[in-house]
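For reference, positions follow the sequence shown, starting with 1.
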Amino acid sequence: MSVSYTALRRTLFVLNLAILGALVCTIVHNHSEFRHELSLHIEPAMQADDALIDLTSQYALTSAHLVDMLLSEDSRRDNTVDPMPALLEATDNLVRIASIEGPLRPILEPTANLCLEQSQRLHTAHVYLHSDNVGDPARDSRRFLQDEVRSAVLTAMSTATNACGSTSRSITGRITSLRADAKRGTMAALSVVIFLGASLIVANSVLLTYMHRRLRMVSECALRVSEGDTSARLDITTNDEFGEFSHHVNVIADSLEHALDDAREAAAAKSAFLANMSHEIRTPMTAILGYADLLGERDWEFQDDREALEAIRRNGAHLLCVINDILDYSKLEAGKAQINLEPASICAIVAETVSMMRVRAQEKNLSLDVEYGLPLPAEVRTDVYRLKQILLNLISNSIKFCDDGGIRIVLRMAKTDEGPTATKARLQIEVIDTGIGMTPEQVQHVFKPFVQADVSTTRQYGGTGLGLAICQRLAEQLGGTISVSSVPGEGTSFVVTLNEVDVTDTRLITNVREAMEQRYSDESEEAAGVKSRDQDGTTASHEGSILLVEDGPDNQRLISFILRRQGYLVDMAENGLIGKEKAAARWYDGRPYDVILMDMQMPVMNGYQAAAALREAGYDLPIIALTAHVMSGEREKCIEAGCNDYQSKPISKAALLKCIEQWMDRTAAQQ
């Protein structure tokens with residue numbers, strides 16, 4: 001049976017009070033006993049002293065009176081007051097005091113008897129001197145009486161004086177004895193109190209150790225639960241407060257575990273929903289945007305037809321942007337967005353982003369300019385793709401809410417330390433527009449997901465309300481911040497502040513010409529090359545055979561058309577099983593496909609299973625995954641299944657052709 005901690009604490013408190021009370025009572029009792037003993041000795045001793053002093057005084061008076069009588073020729077004619085009655089009264093008083101029971105009786109009783117005897121002798125002499133028979137005593141008789149009186153008086157006074165000294169010594173010794181007894185009693189009480197106090201200290205230490213150990217166990221378990229270890233539990237071995245508290249911790253851990261399980265299920269369901277939504281939207285978007293691009297290469301006789309085609313392309317691209325924003329925010333919210341920091345030219349990033357958005361600005365007759373606040377670092381460590389995504393979102397947002405005027409992008413460095421020798425600075429990119437602006441209340445909610453200025457904004461300008469929320473999350477992951485200031489009717493300014501740089505440890509750009517000459521030679525230029533190569537509608541002269549494994553008829557026709565226009569021989573399969581069998585058959589015949597384009601979501605056998613089966617059979621030629629799934633980890637999943645590369649839907653014609661050429665060139669180099 002366990003003891004309650006509260007009961008132990010209360011018991012120790014009561015014991016502390018009891019010990020304190022015992023100490024006080026012991027001291028009070030010893031003091032009372034001391035005073036009682038003193039009263040038993042001092043008061044009788046003082047009475048005895050008074051009686052002895054009175055008796056001694058009477059002895060002196062009586063002796064003087066008797067001497068006068070002896071020297072007087074006729075004592076009977078002596079008219080002085082007779083002191084004998086007072087002497088007898090004093091003697092009786094001493095005898096009475098000596099007869100009282102008490103610690104002084106053994107000392108006073110012999111003295112009183114002796115004094116009584118001497119008083120009687122003096123009384124006899126007194127009576128003799130007053131007797132009628134005395135007459136005129138002879139000289140010898142007088143001398144005898146004088147000696148007798150003197151002897152009696154001296155003996156009596158000596159006896160009384162010795163009795164006084166004995167009484168004083170007895171009182172002093174008794175008081176000393178009482179003090180010693182009181183001291184011993186007090187020391188004994190203090191010893192008991194010290195022993196009990198030490199016992200209480202030990203008991204308190206044991207209790208505190210017990211409390212500390214139990215509290216540490218509870219604290220460690222609670223810490224593990226707070227860190228996400230829902231398996232942490234406490235053993236309940238007592239029914240005290242700690243047992244109850246441990247039970248509550250276990251209940252919280254159980255609730256948290258159930259909540260985490262529910263959250264994981266909800267996250268898995270959300271991920272599955274987003275992945276399925278992405279796949280179901282991106283798959284038809286491949287055909288919509290692909291065929292729109294193909295139709296856009298023709299010369300249309302009627303302007304209305306061209307405008308209708310542009311409307312299809314524009315709304316398809318908008319729908320793709322919406323799904324991309326949702327997926328991007330989902331990745332950021334789950335912490336699965338990958339950040340790849342590498343040295344890059346900030347001027348080139350801004351110039352390229354502005355180049356991509358200039359057509360949209362020109363469509364609304366808006367200016368789009370870049371201003372350089374020199375000096376600027378030639379390179380910074382950042383994620384080029386994510387920084388472009390932030391700038392594209394901000395510039396696109398400015399174009400959307402701006403009807404006249406224009407947009408300015410300002411690059412500058414803001415020092416983070418003070419003084420003329422400051423060496424630390426942060427790179428800032430400010431996007432300033434002359435749009436509709438926002439009120440202070442709207443600015444407070446601008447970075448919240450799925451929130452726009454008001455309902456009319458969504459109806460008039462569209463959008464999901466995720467763009468700025470994505471920008472803020474990406475800026476934080478890049479080690480920076482994003483802020484906004486706005487005036488209704490005048491415009492808005494967004495400032496992106498990037499990570500800190502040491503201006504003494506990096507090369508600086510000091511003139512505008514050098515900043516404007518920064519450009520990238522990336523896939524955009526190669527994409528432009530692909531476009532210029534086939535924009536006249538002629539067929540490029542590529543050699544090679546490609547197996548397209550795709551279950552969608554529209555995508556089959558679109559992708560095969562693009563590939564055949566480039567000169568490739570294209571064979572098709574409508575599911576993974578047929579694709580595997582065709583690839584294996586050509587492999588065993590010694591005329592394998594140069595590249596297999598494998599859709600990953602298909603009936604009968606999906607692309608993951610087909611790629612894995614081919615790799616198990618020894619197939620070692622390139623397999624490129626085509627999938628509408630773009631969630632985090634999808635590329636790794638495809639590579640793990642046996643694919644060599646990954647292309648997302650809707651496909652980019654330039655990116656797809658570049659990927660095919662790279663793998664064909666690599667295969668040719670290996671052979």
Side-chain angles (χ1 to χ4, degrees), residues 341-358 360-361 366-399 401-402 405-435 437-438 443 446-447 468 471-472 474-487 490-520:
L341 299 178
E342 57 184 0
S345 169
I346 189 65
C347 296
I349 294 174
V350 172
E352 190 170 333
T353 306
V354 169
S355 178
M356 295 171 64
M357 300 303 297
R358 194 173 299 280
R360 287 190 55 189
L366 301 174
S367 62
L368 181 57
D369 302 316
V370 180
E371 298 179 7
Y372 301 96
L374 301 175
L376 291 170
E379 286 187 343
V380 293
R381 285 188 59 81
T382 188
D383 187 313
V384 176
Y385 174 76
R386 295 301 183 183
L387 183 55
K388 282 185 180 179
Q389 188 175 359
I390 294 174
L391 296 178
L392 285 172
N393 261 316
L394 294 180
I395 297 173
S396 176
N397 206 60
S398 295
I399 293 174
F401 292 105
C402 198
I407 299 98
R408 291 186 298 124
I409 295 90
V410 181
L411 276 71
R412 59 174 173 264
M413 285 197 301
K415 292 183 178 180
T416 56
D417 51 357
E418 299 179 355
T421 60
T423 60
K424 301 293 184 180
R426 284 185 177 273
L427 185 64
Q428 289 185 344
I429 307 174
E430 185 174 9
V431 179
I432 308 169
D433 66 57
T434 58
M438 293 179 288
V443 169
V446 72
F447 292 113
L468 294 178
C471 289
Q472 186 184 50
L474 289 176
E476 291 172 353
Q477 290 198 353
L478 291 176
T481 60
I482 184 170
S483 60
V484 59
S485 59
S486 185
V487 177
E490 295 184 12
T492 304
S493 170
F494 287 93
V495 180
V496 180
T497 303
L498 300 181
N499 52 312
E500 190 176 59
V501 296
D502 188 344
V503 296
T504 62
D505 195 32
T506 184
R507 188 175 69 86
L508 298 179
I509 298 174
T510 57
N511 60 81
V512 176
R513 181 175 181 180
E514 184 181 2
M516 297 181 66
E517 288 177 351
Q518 300 269 336
R519 293 290 184 272
Y520 278 114

Exercise. What's the shortest heavy-atom distance between L468 and F447, and which atoms?
Worked result: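 Where L468 meets F447 most closely, the heavy atoms are O-CD2, 3.5 Å.
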Exercise. Looking only at heavy atoms, what is the nearest atom pair of I390 and A475, with distance?
Worked result: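 For I390 and A475, the tightest heavy-atom pair comes out as CD1-N, 3.7 Å.
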For this session: Scan L391, I349, I409 and name whichever one has a side chain to side chain contact (heavy atoms under 4.5 Å, CB included) with V354.
Result: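 Among the candidates, only I409 passes.
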By side chain to side chain donor-acceptor pair (under 3.5 Å) - contacts of [X] (at least two apart):
X: T382; result: none
X: Q472; result: none
X: T434; result: none
X: E476; result: none

[X] side, atom [atom1]; [Y] side, atom [atom2] - distance, nearest 0.5 Å:
X: N397; Y: L392; atom1: CG; atom2: CG; answer: 12.0 Å
X: L366; Y: M357; atom1: CG; atom2: CE; answer: 11.0 Å
X: L387; Y: L341; atom1: CG; atom2: CG; answer: 11.0 Å
X: R358; Y: I395; atom1: CZ; atom2: CD1; answer: 9.5 Å
X: T353; Y: N393; atom1: OG1; atom2: CG; answer: 11.0 Å

For this session: Return yes if some donor-acceptor pair links the side-chain N/O of R386 with the main-chain N/O of L474 below 3.5 Å, else return no.
Result: no
Side chain to side chain contact (heavy atoms under 4.5 Å, CB included) involving [X] - partner list, sequence neighbours excluded:
X: L374; value: Y372, L376, I509, V512
X: V443; value: M438, V484, S486
X: S398; value: I407, V431, D433
X: E371; value: R408, V410

Problem set entry | CA sep, side-chain torsions, deciding dist, call: L478, V496, side-chain contact (heavy atoms from CB on, under 4.5 Å) | CA-CA 11 Å; L478 291 176; V496 180; over 6 Å; no
Exercise. What residues, two or more places apart in sequence or in another chain, satisfy salt bridge (charged side-chain N to carboxylate O under 4.0 Å, His left out) together with E430?
Worked result: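 Only R412 meet the salt bridge (charged side-chain N to carboxylate O under 4.0 Å, His left out) criterion with E430.
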For this session: Check step by step if side-chain contact (heavy atoms from CB on, under 4.5 Å) holds for I429 and L394.
Result: CA-CA 11 Å; I429 307 174; L394 294 180; over 6 Å; no
Exercise. Taking the side chain as C-beta and beyond, is there a heavy-atom pair between M413 and L508 under 4.5 Å?
Worked result: yes
